[in-house]
Each structure stands twice: as structure tokens, then as C-alpha cells.
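Beneath this line is the structure, given in C-alpha cells, with notes to follow.
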Amino acid sequence: MKDFLKITLKHPQDVPKLREKIWDLESVNEVREHDIPFYRRYLIDNGLFPMNMLEVQGKCLKSTRASLENKTCIFEMKTQPTPLESDLPELKVLSFDIEACNPKGMPLEREDPIIMISFSSNQGFRKVFSTKDSSFDFAELVHDERELLKKFVETIKSENPDLILGYNSDVFDFPYIRDRAAKLSVPLELGVDGSSLKFMRRGFTNAAVIKGRVNIDLYPNMRRYLQLDRYTLERVYKELFGENKIDIPGDEIYSCWEDGGEKLEKLFEYSLEDAIAVTEIGEKMLPLSMELTRIVGQPLFDVARMATGQQVEWYLIKKAFEYDEVVPNKPSSSQHSQRRGRSIVGGYVKDPVKGLHDNIVSFDFQSLYPSIIISKNISPDSLMDNCTEEDCYISPEIGHKFRKEPVGFVPSVIGKVLQERLRIKSIMTHSTDTRERQILNVQQEALKRLANSMYGVYGFTLFRWYSLECADAITAWGREFIKKTMKKAEEFNFKPIYADTDGFYATYTGSIGNKIDNTDLNKEN
DNA sequence: GTGAACCGGGG
DNA sequence: GTGTACGGTTCAC
């Protein structure tokens, strides 16, 4: 227990000013929660969850979106949704892709005009604007690049999407469009209120911001959701749909454009296919992002750009407010490098026995680390210096002690997440409605992701809840559990041939006819 | 061995 | 905008 003084200010801009002033005061130990952006603070303090519907006496509480006409609002509601309420009205999604080329390599904003812009919406809209003519079905000829850019703005205005999707569009398409439009003095009034395209600095990259529409760059999302060697649009598309889309290697685009004829037709087709692929990938992946948005309680725009660890962190920040906990600070740069200097021992890995094996069985723990966090009450607020085995769980190898009571902040949050997941899974198994089952499945997936990423908040040096002791204790128990399980399996004639962290493969050396009593093999948690 | 530079995706 | 944030590999010394 610590004493805190809560200071409320009238204007967000006063926060950094006051922060600087009180930091050095002798009576001040630490200043907390001084770096939560205003709009996030607002969502947290008011218990609002984006991407949920809110209807107040048949009217929208907020009116930034065009869906006013429908008398529904895609906005916040005061409580977390129940599964059935979360079936939102369909959002209009518009994807786009631009083409530009340079004989020597990547096109340069200063020299190379945009030659094509393709659109695809989730409601069947398809179009390729280009400064060259084509007999391609969806092609529309424009006079020059200036008109091309104007068509870009007009199309977004007339299609009026809720979501705008691109692939690497934060880094390539939008900045390229911005620079060309600046050169040709075309105003990029893309917002629902006619406001201009803006860029927000986010770390080492920018994000394109359009008022009233959620711009999502699918590229960083795909890096998070899929485990691939490369993340080109083609590779990702193949992974998700098992089909090849037409691809034109980058260095051939220039000749397609210059030579014309069939090669130019193919370029039109390729460009539109890219936009369509983005729509399809979006339709497949967005439900999960939306679900995470609802759970994490921060805007889709932000959540779609957060690494999983950050999503977990913001979820915990939201929960901290509910639990009356004060959020720990981000590490200073010196704290960060200090943390990086001390390494955490990872999971147990047994090098694979070389060769071809028959009768392979795989064992794995379900949510090993989350279960350990809960069952051993691993939380910074449960960590004790002196404690007996009676009152504390004591970790193997390193002997960190965690009191059994009361339940710590993080274990409590994970517990609720897993509980909610089980609840949804059980409704899902009993549901006969396919659509409902799909929605519920995405929801339980999102919760699973969140729970499984929770370990990271202790182990990743940049995070607010970083704790070497907690991270070390989790992996230590993890190693103990898997080794014990492997030993147990050996008693039943399984010979482990490879193990990694939360699971192992074994060959069965007994006779196949023998009955295996798998209750004895059940995992320890 | 160390620190800086570079890269991802995009055409 | 209560912000300014990656992580891994390669290269030059």
C-alpha cells in the first residue's frame, strides 16, 4: 500500500508542465500516469469500449460518423458487450493501391508520377483509374496525374467508407500520394468533414490519419497475426487463401507501363487484384482486430497498430483503473538498458533426436504460462521477500516467493480473461447458428491471444509491468512442469524426442494395443 | 568486440 | 500532442 495524491487538471497541456515542476520536489517519490494520452484517458475514465454500439433514446450520443442515418452509432457503450450484442452493422470497407514506376528501381516521389490507382470495396465496388487507356473492365481513363489524384479524393468521398485499407500504405501509398498531391496542388480532403489527410508520428514510422474513417495498414497486422518468412502481399494472400494472385515483379512494372499492349492490360489486372486482395485479407483479419479493440478498449486505429504486448499493456491499464490500481511507469532509458542487461532464462528445450520417427505423439500444455501465473499467483504485488511455504508459492531453482492470498492484479486479470473465454467457448459449442458461432470463435480467439501474451508484460523490458522476478519464476515453473510431464510420460513408455517450452514430441515404445490411462498423464495445473 | 547502419513492406 | 516507441542482422573499424 502506498499513498497517492491524485491531481486533476483542466487542460491536457497542463500535465507535462506540472509534471516537470513536481518531479523534483523532495516530497514526491514518483509521478504516475502522467503520460497517458488524453483520448485514451477519456476512454478509460468513462469505461468506454470502441466498436460497440451505443444508442441513446434512438439517437447517437456522438455524431462524427455518417452512420447517423442508420440511427445506430458505431461507438462506445458503457459496459463490455455480451457476445450477441456485438454483432455490428456491417462497416463499409474500401481498399486501395497505387502504382508508380521508375526505370531504375523504386519510384521516387520527386520524379515519378502515379500512373494508376485501384479501388475495391467490400460491397463490390471496383475501379482502376489510370492516365493510360485500357479495355480492362474496371478501367477509367483520366486526363493526367492531377485528375487521377482528384479521382482518388472523389472516390473516397463518394464511397464514403468507414474503414480504409491498404498494404504498407502508411509507409508507401499515403506518403507518395501526399507528396504528389502537394506538387500538383491537389487538396487531399479525405475526412468525413472534408478535413485533410494528416500524418501522425508513431515511433520510427508515420501513420496516415483521416478524420471519421479508420485507416488501417494491413502490413504490420499481418506481421503480427501470421508467422511467415516474408510478408509480401502475394505471400500473405497465398497463406490465407491458398491461391496465387497475379504478381508482377517490381522491376517489370516500368516496362509493362511503357510497352503497353497486353503487358499494360496485365498491369491493370494486377493493380486491381492487389486492391481486391487487401479487401479479402481485411475481411478475414479485421474481425479479430475489432474484437481486440472491444476488449482492449482503445480505438481500432491504435489497436491495429499496436504490437500484441502493447495491446496487453493497454488492456491492463484499463483494468488497473477498474481495480483501483495505479499504473507503473514506463522505464526510463537508463532503466531500460539496465533491464536489458539482465536476461531471463527461457523455456526448456530438448534438442531433437535426429532421424525419422514412427508413432509420434505430441503433448502440449494449454496456455502454460497463463496457467502458471494464475496457479502460482505471480504478480509484482504478490512478490514477497520473506515467506514460508505455507503462505507462499516458492518457485523452483531461483526460489522467488509469491503469497497465496490475496490474488494479485495480473493473475486476477488473466483469470477473468480465461474465464470469459471458457464462457464464450461453451456458448459457442451449444450454438447452432453458424454466424453466431463464427463471431464467438473470433471472440474466444482474441481472449486466448490476450491471455497468452500476458507473460510478455513481465518479460519485455519496455513494459510497465516488467518484472524480472515474475518472468524468471514463470519460466522456472514452466521448465519444471514440462520436465516432470516428460518423466511421467516415460513411465508410460513414451520416449521424448524433442521438447520446446510448453510441449514435447515423443515416440511410443510400448505395444499399441495397451490401454493408456490418460488421467494419469494429465497436466499438473 | 562494439557501435552504427540498414532493413522490413511498397513500385 | 499527458506522444516521438522495433528488433535483428550486417558492416566498418
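Atoms considered below: every heavy atom in the structure, side chains included; atoms not considered: hydrogens, waters and symmetry mates. The sequence lines fix the lettering, A, B, ..., with proteins before strands; numbering per chain opens at 1.
- Across all strands shown, A/Ile253 has heavy atoms under 4.0 Å from sugar-phosphate atoms exclusively, and none from any base.
- Contact between A/Tyr466 and A/Gly459 at its shortest, heavy atoms only, is CE1-O, 3.8 Å.
- Here the separation of C/dC6 from B/dG11, taken at their P atoms, is 26 Å to the nearest Å.
- Of the candidate nucleotides B/dG9, C/dG1, C/dG3, C/dG1 has the atom nearest to the side chain of A/Gln13.
- For the residue pair A/Glu265/A/Ser134, the side-chain donor-acceptor check at 3.5 Å is satisfied.
- Defined by atom type and a distance below 3.5 Å, a donor-acceptor pair is present between the side-chain atoms of A/Arg223 and A/Tyr219.
- Remark: the backbone N or O of A/Val345 is paired with a side-chain donor or acceptor of A/Thr475 at under 3.5 angstrom.
- Side-chain atoms of A/Ser121 and A/Lys92 include no donor-acceptor pair closer than 3.5 Å.
- Residue-level contact check: A/Asn221 touches neither bases nor backbone, having no heavy atom under 4.0 Å from any strand.
- Heavy atoms of A/Met200 sit under 4.0 angstrom from at least one base atom.
- Side-chain atoms of A/Asp170 and A/Asn215 include a donor-acceptor pair closer than 3.5 Å.
- Looking at residues 256-271 of chain A, you'll see A/Tyr270 sit with a heavy atom under 4.0 Å from some atom of DNA chain B.
- Among the heavy atoms of the strands lying under 4.0 Å from A/Ile98 are primed sugar atoms or P, OP1, OP2 only; no base atom is included.
- As judged by a 4.0 angstrom heavy-atom cut-off over every strand, A/Gly166 is placed among residues making no nucleic acid contact.
- A/Phe38 comes within 4.0 angstrom of a nucleotide base, judged by non-hydrogen atoms across all strands.
- Of all nucleotides listed (B/dG9, C/dG7, B/dG11), C/dG7 comes nearest to the side chain of A/Leu462.
- Close to C/dG3, at under 4.0 Å from its OP1 or OP2, lies a side-chain N or O of A/Arg19.
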What do the steps show when you test A/Phe119 against A/Phe152 for ring pair (Phe, Tyr, Trp, His ring centres under 6.0 Å), and what is the final call?
CA-CA 9 Å; A/Phe119 284 103; A/Phe152 176 71; 5.8 Å; yes
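- In this structure, the nucleotide among B/dG11, B/dG9, C/dG3 sitting nearest to the side chain of A/Asn168 is B/dG9.
- Using a 4.0 Å heavy-atom criterion, one finds that A/Asp97 contacts the sugar-phosphate atoms exclusively.
- In this structure, A/Arg223 reaches the B/dG9 phosphate: one of its side-chain N or O atoms is under 4.0 Å from OP1 or OP2.
- Backbone-only engagement by A/Pro37 is indicated by non-hydrogen atom pairs under 4.0 Å involving sugar-phosphate atoms exclusively.
- Remark: of the listed residues A/Asn206, A/Leu197, A/Asp217, A/Leu197 is the sole one forming a side chain to side chain contact (heavy atoms under 4.5 Å, CB included) with A/Phe174.
- Proximity of A/Lys330 to the phosphate of C/dT2: no side-chain N or O atom is located under 4.0 Å from OP1 or OP2.
- Residue A/Pro12 is in base contact, counting any heavy-atom pair closer than 4.0 Å across all strands shown.
- Minimum atom distance to the side chain of A/Arg201 is reached by C/dT4, of the listed C/dT4, B/dG11, C/dG3.
- Within 4.0 Å (heavy atoms only), A/Leu233 reaches sugar-phosphate atoms of the nucleic acid but no base atom.
- Rounded to whole Å, the separation between the P atoms of C/dA5 and C/dG1 comes to 14 Å.
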